[in-house]
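Note sheet for the following structure.
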2 protein chains.
Amino acid sequence: MQANKNFSIAIQICVFMDFKGQERYSSKELADSVDTNPVVIRRQLARLKAADLMQSQNGPNGGYYLTRSTDKITLWDLYAATREGDFFNRPKPNPDCVVGSNLKYLVEDTFYNAEMAMKPELEAVTIRDLSQKLTKILDC
Amino acid sequence: MQANKNFSIAIQICVFMDFKGQERYSSKELADSVDTNPVVIRRQLARLKAADLMQSQNGPNGGYYLTRSTDKITLWDLYAATREGDFFNRPKPNPDCVVGSNLKYLVEDTFYNAEMAMKPELEAVTIRDLSQKLTKILDC
DNA sequence: TTATTTGTAACATTATTAATTACAATATCA
DNA sequence: TGATATTGTAATTAATAATGTTACAAATAA
């Protein structure tokens, strides 16, 4: 399990960017913030780029930047960009067992519905919301 | 990531039991169905026992059985029994980064809401529903 | 009393994830 | 143009987590 982790890192990167307010961020800077390796960050950001949430520029003074305002990026956007694989996860059922081999079909509708039920909750929160909340916390 | 997998196995075991209609099932039988080791199954079932969904009996002709009718066991029951850890999963934030170290608090409400939004969807489906659906599929 | 089964700990193995190294491609700027 | 900084990605290694296995005590039925 770990679409969760990628999701969490994506949130952190975006909030970090909004909070800092720079133009661009190198993978090195972001890696320090997340406490991991720059290459790990670049791999993560490749997903966000694929979802048109992030852009990058090569060369000196290059780096990554968000393609739109942080009040237009919701947690659902990041969830969708970083999720992978099946919500329901039964990799290798015994093909001789009628239950195991059909279970996927039995539950896929329900699992889809469950996942979609989260959508409005995650859409209700933007990156801007989180970074403003953070600012408030730190003011105390 | 793998609360999902335990959840899936729990569903499979319960549907299997309803579908077969025996009194009890040894961990060996169940392991064959799931295609894994009996000890793995026993570990899984320990969770379901802790959630009062399953009981067991030692000795010859012993084994596992559900504590209540399968039309009273919902997918949410199994989800709750098998979930572990945080929905939001950022194990070791850099303590020097204000974003990373506070992120957990920023999102925990939203993540709780998102998880709870799934509840009615998962509560709407019982183990009985699934095993009846399976029977129908196999009749075709 | 014997056989069967759960419960669990300890260990071994396998699979997955993350980190690192390396380097080509690209872009900036003096 | 040349030096430098940066992304993109592949290949490798290291670390971590999950799974499978063995072993055996405790319980129970016949």
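A note on names: the letters A, B, ... follow the listed sequences, proteins ahead of strands, and every chain is numbered from 1. Since the structure is predicted, the reported quantities are computational estimates derived from the model, not experimental observations.
Regarding B:Glu29, its CD atom lies at a distance of 13 Å from the C1' atom of C:dT4, rounded to whole Å. Whole-Å rounding puts the A:Ile41 CD1 to C:dT20 C1' distance at 15 Å. If you take CG of A:Leu45 and C1' of D:dG8, they are 12 Å apart, rounded to a whole angstrom. As rounded to whole Å, 11 Å separates atom P of D:dG20 from atom CG of B:Asn6. Per the geometry, CG belonging to A:Asp32 stands 12 Å off P belonging to D:dT6, to the nearest Å. One interatomic measurement links the two molecules: NZ of B:Lys5 to P of D:dG20, which rounds to 6 Å at whole-angstrom precision. Note: CZ (B:Arg47) to P (C:dG7) measures 14 Å, nearest angstrom. Note: CD (A:Gln44) to C1' (D:dT7) measures 16 Å, nearest angstrom.
Both A:Leu103 and A:Val98 are assigned to one and the same hydrophobic cluster, defined by single-linkage of ILVMFWY side chains at heavy-atom distances under 4.5 Å.
For C:dG7, one of the phosphate oxygens OP1 or OP2 lies less than 4.0 angstrom from a side-chain nitrogen or oxygen of B:Lys49. A close approach under 4.0 Å does not occur between any side-chain nitrogen or oxygen of B:Ser26 and OP1 or OP2 of C:dT4. For B:Tyr64 and C:dG7, the shortest distance from a side-chain N or O to OP1 or OP2 is below 4.0 Å. Between A:Lys28 and D:dA5, a side-chain N or O to OP1/OP2 separation shorter than 4.0 Å is absent. Contact annotation: A:Thr36 reaches the phosphate of C:dA19 (side-chain N/O to OP1 or OP2, under 4.0 Å). Contact check, A:Ser27 against D:dT7: a side-chain N or O comes under 4.0 Å of OP1 or OP2.
A salt bridge links B:Glu115 with B:Arg83: at least one charged nitrogen is closer than 4.0 Å to a carboxylate oxygen. Between B:Glu84 and B:Arg47 a salt bridge is recorded (basic side-chain N to carboxylate O distance below 4.0 Å). Looking at A:Asp129 and A:Lys133, no side-chain N of the basic residue comes within less than 4.0 Å of a carboxylate O on the acidic one, giving no salt bridge.
Each of B:Ser56 and A:Arg42 lies near DNA chain C, and the nucleotide nearest B:Ser56 is the one positioned closer to the 5' end.
Between A:Asp18 and A:Thr70, the side chains place a donor N or O and an acceptor N or O closer than 3.5 Å (distance only, hydrogens not considered). For the residue pair B:Lys72 / B:Thr126, no side-chain donor-acceptor distance below 3.5 Å is found, with atom types taken as modelled.
Using five terminal pairs a side, the axes of the helix from C:dT1-D:dA30 to C:dA30-D:dT1 at its two ends make an angle of 10°, given in steps of 10 degrees.
Within the 6.0 Å centre-distance limit, the rings of B:Phe7 and B:Tyr79 are counted as a close aromatic pair.
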Report each atom pair, protein N/O against N/O of nucleotides 27-30 of chain C, whose distance is under 3.5 angstrom.
unit_1: C:dA27; atom_1: O3'; unit_2: A:Gln57; atom_2: NE2; d: 3.3
unit_1: C:dT28; atom_1: OP1; unit_2: A:Gln57; atom_2: NE2; d: 2.3

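The side chain of B:Val40 lies closest to D:dG20, out of D:dA10, D:dG20, C:dG7. Listed candidates were D:dA23, D:dT6, C:dA19. Nearest to the side chain of A:Asn37 is C:dA19.
Contact of A:Arg43 with D:dA10 (side chain to base): no donor-acceptor pair of N or O atoms is detected under 3.5 Å.
The heavy-atom pair separating A:Val34 from A:Gln12 by the smallest distance is CA-NE2, 3.7 Å.
For B:Tyr112, the side chain to side chain contact (heavy atoms under 4.5 Å, CB included) partners are B:Met116, not counting sequence neighbours.
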Before giving the answer on side chain to side chain contact (heavy atoms under 4.5 Å, CB included), spell out for A:Leu53 and A:Arg68 the whole-Å C-alpha distance, their side-chain angles and the decisive distance to 0.1 Å.
-> CA-CA 7 Å; A:Leu53 292 165; A:Arg68 47 182 147 118; 3.2 Å; yes
